[in-house]
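No experiment lies behind these values; they were computed from the predicted model shown. Basis for what follows: all heavy atoms, side chains included, without hydrogens, waters or symmetry-related copies.
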Amino acid sequence: MKLKNIINTLSLAAVALVATGCQDTDAQVDIEEVDAPAFVSITPAETSVMLFGEKTITVTFDKNINFATKNASLITLNGKSVKSANVAGVSKSLTITADVDFSKTQKLHIPAGLIMGPQKKTYDKDIDITWAIKDLPDNAATQMTKKLGWGWNLGNHFDTSDMTYGYWDGVATIGAAPFNTLKAAGAKTVRIPVTWTNHMDATNTIDAAYLNEVKAVVDLALNAGLNVIINTHHDSFESTLGECANDATKAEATAALIQTLWTQVANKFQSYDDNLIFEAFNEIHAGDNWSKGSDAENALLNEWNQLAIDAIRATGGNNATRWIAISHYAANVDLVIANLKVPENDNHIIVAVHCYDPYNFCLAPVASGTNSWGHNANAETSVQGANEDYVIAQLYKLREAYIEKGIPCYLGEYGCVIQKTANANAFRKYYLEFFCRAAYLAGLPMFVWDNNGKASGGDEENGYIDHATGAFVGDADIVPMMVNACTVTDETSYWFDGIWKKSPDYEAPAE
């Protein structure tokens, strides 16, 4: 830079400095008055349901706020201090973490003066929010719940898909004994899974002797005073959904098979009253894919449901108004809710789902002898994220999706295998009681899966009542316990907090 330019620059700076020094130093800058923050909303909204477990609550104001985290203890849920409360960065929201207990009513209290806005002005009102689980409505769905109550599956008898080895439950002929035991225990329903296609001839005609054998067992259960559900279970179309969705010829042949099958079954039971329910399908899926169906598969399964309904209704008589249960992909709770199309012009439809969550505790234990579940579970071997709060939330979804809308829904299958140690079986018993009480809260009838597995324990060993003798398998009070858990209406004396205390402590198996 040339010397002349430097001199000019310094001269300009001096002029600016003189000008600044001549300004009126008594002038005041007006700062706009800002109101205290105002409460806007809370999430979850007061109209929603706050279910058990650790939950996040977000309280939003109309302007950015500050909050002293030391004051978190002054915020309470049901009279107990929340776990934490803070404002993340520059935000209009206070984020609260709290443990929600089993009360049907949850009350949040934020005292006045804790929330500070600009210019240190505080929100000067208490914030009191209440979430409540309402009683179940009195509608067609809850009336069906009372009718069906708690029930049992005669599993792996008629649902045998390969008769080379006879009936899988090892019982040649089913007598009245198991049904009498059920009735005496307070059960109301028996689900009888049936596979039909391996008893069909080349013209898709069901063997008459087999139809009569199924009918005889249905009659035994009805005569014992139970409701009965019969379905299609391990039939040839159980896992061919994917093939049919991609092959029009195979889809047409399968549709014809479904139609003729249900026409024959419906005609056989046409005169039976509404204590007999038909269930269109079991766990329809594509090949070995149990996790999710494609759009084409989901659409086709809805078509199959309607096809079965139409075939049954067309036989007339009591079948014109018989209750029919339908499901969707793998009978999975979330997939059913997401994809099932419930007919709008038929008010005798039930939604059926299955739930064996968590799978690696209920059906295929993760480690022999070390299995546990719930808040006292062994973190190393138990399934994480599928404990008490998960079970309640999962079943409550069904309440919101169907029961509260007047659409009956039932748990066609649930259960937990016999375990190999006393400690693991204690967790099994705790799980079953908690699960059944969660179904009660959701307003769901439920039917435990029983394949006549014995007390040796292991994968798929689901035994509760001996299929031949009617004797209880293992702990004799498990069945009455489950009946009580999903039917007792006295919530004051029998609620989740009492069940929670029954959870065993984990004991590592001896080496």
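- Listed by chain and number, the residues in a side chain to side chain donor-acceptor pair (under 3.5 Å) with Thr56 amount to none (sequence neighbours excluded).
- Heavy-atom neighbours of Gln143 CD from other residues, nucleotides or ligands within 6.0 Å: above the threshold of 12.
- Sorted by first and then second residue, the pairs that involve residues 174-189 and meet side-chain hydrogen bond (donor to acceptor under 3.5 Å, both in side chains), not counting sequence neighbours, are Thr189-Asn227.
- At least one side-chain heavy atom of Phe435 sits under 4.5 Å from a side-chain heavy atom of Leu411.
- With a 4.5 Å cut-off on side-chain heavy atoms, Leu335 and His328 do not count as touching.
- Residues Val265 and Trp262 are in side-chain contact: their nearest non-hydrogen atoms beyond the backbone lie under 4.5 Å apart.
- In this structure Asp505 satisfies the side chain to side chain donor-acceptor pair (under 3.5 Å) test with no other residue, sequence neighbours excluded.
- Contact of the Phe361 side chain with the Cys416 side chain is registered, since non-hydrogen atoms from C-beta on lie closer than 4.5 Å.
- Considering only heavy atoms from C-beta on, Glu404 stays 4.5 Å or farther from Lys134 through its side chain.
- Using a distance-only test at 3.5 Å, with no hydrogens or angles considered, no donor-acceptor pair links the side chain of Glu283 to the main chain of Glu238.
- Here the OH-CG distance, from Tyr464 to Asn451, works out to 9.5 Å after rounding to the nearest 0.5 Å.
- Applying the ring pair (Phe, Tyr, Trp, His ring centres under 6.0 Å) rule to Phe269 yields the partners Tyr272; only residues at least two apart in sequence or on another chain are considered.
- For Tyr440, the side chain to side chain donor-acceptor pair (under 3.5 Å) partners are Glu491, not counting sequence neighbours.
- Looking at residues two or more places apart in sequence or on another chain, you find no side chain to side chain donor-acceptor pair (under 3.5 Å) involving His285.
- Within the 4.5 Å cutoff, the side chain of Val336 has heavy atoms near those of the Tyr402 side chain.
- Counting only distance, with no hydrogens or angles, the side chain of Trp495 and the backbone of Phe102 share a donor-acceptor pair below 3.5 Å.
- Here the rule is ring-ring contact (aromatic ring centres under 6.0 Å, His included) with His234, and of Trp168, Trp196, Phe158 only Trp168 fits it.
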